[in-house]
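This report refers to the structure that appears directly beneath it.
Numbering starts at 1 and runs along the sequence shown. The figures that follow rest on heavy atoms only: side chains count, while hydrogens, waters and symmetry mates do not. For ligands, and for the atoms within them, numbers begin at 1 and follow the listed sequence.
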Amino acid sequence: MMSDRNNPFRIAQQQFDMAADILGLPDSLRAVLRVPQRELTVNFPVKMDGGGTRMFTGYRVQHNLGRGPVKGGIRYHPSVDIDEVRALAMWMTWKCALVNIPYGGAKGGVIVDPKQLSLGELERLTRRFATEISILLGPERDIPAPDMGTNAQMMAWIMDTISMHRGYTVPAVITGKPINIGGSLGRVEATGRGVMLMVREVARRLGRRIDGLRVVVQGFGNVGSTAAFLLDQIGCTVVGVSDATGGYYRPAGLDIPAMRTFTDRHSFRMLEGYNDPGVERISGTALLELDCDVLIPAAIENQITEQNADRIRASVIVEGANGPTTPDADRILAERGVMIVPDILANAGGVIVSYFEWVQGLQEFFWDEYDINEKLERIIVGAFNQVWQMATERRLTLRTAAYLLAVQRVADANQTRGVYP
Ligand code: GLU
């Protein structure tokens with residue numbers, strides 16, 4: 001059971017309150033932004049391969065619609081619950097505002113372990129869930145995308161389901177689609193690419209050489225494995241990675257391309273069975289405490305807590321996951337001088353290229369990959385520079401500066417629009 005202390009929604013509200021206090025937001029506006037605007041819970045049956053049906057529960061939460069249609073992924077994981085989805089939706093609001101793309105925040109989730117389902121069951125679950133939440137969706141309303149446990153194929157099923165209901169193809173209702181039905185070049189790699197760019201920028205600001213920078217990555221899914229791959233390419237030494245099967249450590253540097261090839265070929269893209277005599281197997285917990293320069297948590301929430309914050313040896317943390325560091329750990333790490341590039345900035349590459357995918361779909365004009373990567377870099381590095389400048393001028397942590405910028409933008413939009421009626 002999750003302790004109340006580690007409840008993601010409680011943490012998200014705590015982070016918001018901190019920003020609202022510093023900004024001096026009026027109580028009435030604070031009350032609006034502290035809670036999600038809309039929440040939908042759906043319970044629905046899915047026909048299983050063995051005959052019979054099984055009930056599933058899912059959610060779609062729209063946190064704030066002030067700056068535009070809402071945006072955010074759909075997660076399939078056994079530990080999904082309403083408070084996690086609320087937190088993730090609120091973090092999407094701040095993320096979109098921070099990188100200044102015209103969206104509010106949303107998130108969805110289904111309580112399910114996708115590894116336990118057949119492809120047919122997954123398709124039926126996805127199409128039924130899409131139908132259940134379709135009352136909220138639309139290119140001008142709410143645009144989902146992949147998150148943990150979901151991928152481009154599932155986005156294709158959602159796009160097809162919504163299109164079948166409407167009787168015409170609606171590509172812009174979802175992002176993270178396969179390229180052959182209107183997906184964007186560079187979208188799959190976008191979150192990991194953004195993480196790589198943030199490592200590069202923070203190293204530059206700290207006067208550290210990229211070449212030989214020792215990096216540890218927790219999580220070897222889409223975000224972690226792409227970040228590790230791109231960091232390896234620009235000259236970093238990736239000394240440790242982990243996934244749900246444990247940690248893999250090699251002080252002289254892991255062969256990341258070989259590990260990626262391995263996970264591409266093996267079931268559920270796991271590292272279990274990866275064999276390299278130079279590689280030491282360690283626990284996932286020990287991985288976080290390895291001696292390194294940069295630690296990239298790219299798995300799930302609440303990985304760096306007051307329990308292990310004292311033992312983190314990295315001098316920089318770049319948050320590939322959403323909510324990997326608790327506020328207690330944040331405080332301990334700040335006191336110890338560990339710099340954190342916060343999630344709402346560090347992992348924003350995904351939603352930035354989702355925005356490009358949506359724009360390309362709406363205008364039915366597609367860009368090449370060079371253009372996409374270049375625009376992504378301009379936006380995310382621009383946001384990093386703004387955060388860095390505010391943090392330096394006002395002596396704040398990067399997280400606090402990022403929150404001040406983001407919350408202020410959302411507050412301004414809500415204030416400009418006024419209260420209806
Ligand atoms: N799930 C991703 C995130 O947490 C991407 C969301 C999107 O592209 O809409 O940022």
Side-chain angles (χ1 to χ4, degrees), residues 8 12 59-65 67-77 80 84-110 133 136-139 141-152 154-155 158-159 171-178 182-195 198 219 221-224 226-227 297-301 318-324 341-361 372 375-376 379-380 383 402 406:
Y59 310 97
R60 185 73 182 170
V61 172
Q62 302 182 336
H63 170 255
N64 184 273
L65 289 74
R67 299 180 71 256
V70 287
K71 191 86 192 77
I74 292 175
R75 176 171 291 199
Y76 287 177
H77 197 273
V80 161
E84 181 187 52
V85 180
R86 286 172 173 147
L88 290 162
M90 189 190 271
W91 289 328
M92 285 308 301
T93 301
W94 313 138
K95 194 186 301 188
C96 293
L98 180 62
V99 296
N100 219 350
I101 54 178
Y103 292 133
K107 204 82 172 196
V110 177
I133 64 168
L136 294 176
L137 305 186
R141 300 167 175 221
D142 182 339
I143 308 116
D147 196 74
M148 267 178 57
T150 55
N151 60 25
M154 299 172 197
M155 301 305 111
I158 297 175
M159 187 272 236
V173 68
I174 198 151
T175 61
K177 299 181 291 295
S184 179
L185 295 167
R187 175 61 186 86
V188 174
E189 302 82 14
T191 314
R193 177 171 294 275
V195 169
M198 294 299 92
N222 181 39
V223 179
T226 307
I300 197 165
E301 301 93 61
V318 178
E319 296 182 332
N322 292 310
V341 183
D343 47 7
I344 59 169
L345 174 60
N347 70 36
V351 75
I352 293 171
V353 178
S354 273
Y355 167 58
F356 299 160
E357 181 174 333
W358 177 74
V359 169
Q360 291 171 89
I372 287 158
K375 287 187 173 72
L376 162 62
I379 292 182
I380 202 165

Atom 7 (C) of ligand 1: closest protein heavy atom, distance to 0.1 Å, is A145 CB, 3.3 Å
Could you check atom 8 (O) of ligand 1 against the protein and tell me its nearest heavy-atom contact, residue, atom and distance included?
-> S354 OG, 2.6 Å
Any idea which part of R75 is under 4.0 Å from ligand 1, heavy-atom wise: side chain, backbone, both or neither?
-> neither
Using a 4.0 Å heavy-atom cut-off, say whether L88 meets ligand 1 through its side chain, its backbone, both or neither.
-> neither
Which of the numbered atoms in ligand 1 are below 4.0 angstrom from a heavy atom of [X]?
X: M92; answer: 3 (C), 4 (O), 6 (C), 10 (O)
X: K107; answer: 1 (N), 3 (C), 4 (O)
X: G72; answer: 9 (O)

Residue pair T150, M155: steps toward the side chain to side chain contact (heavy atoms under 4.5 Å, CB included) verdict = CA-CA 8 Å; T150 55; M155 301 305 111; 3.9 Å; yes
Quick one: closest heavy-atom pair of P144 and I174, and the distance?
-> O-CG1, 3.2 Å
Shortest non-hydrogen contact from A227 toward V195 = CB-CG1, 3.8 Å
Between E84 and K107, is there a salt bridge with N-O shorter than 4.0 Å?
-> no
Pairing of K71 and E357 as salt bridge, 4.0 angstrom limit = no
Under 4.5 Å between any side-chain heavy atoms of V70 and Y103, yes or no?
-> no
If we only count heavy atoms from C-beta on, is the P146 to I74 side-chain gap below 4.5 Å?
-> no
Rounded distance [0.5 Å steps], CE in M90 versus NE2 in H63 | 4.0 Å
Report yes or no: does a heavy atom of P146 sit under 4.0 Å from some atom of ligand 1?
-> yes
N347 N/O to ligand 1 N/O under 3.5 Å = no
Could you tell me whether D147 and ligand 1 have an N or O pair separated by under 3.5 Å?
-> yes
Closest heavy-atom approach to atom 5 (C) of ligand 1 among R187, K95, K71 is made by R187
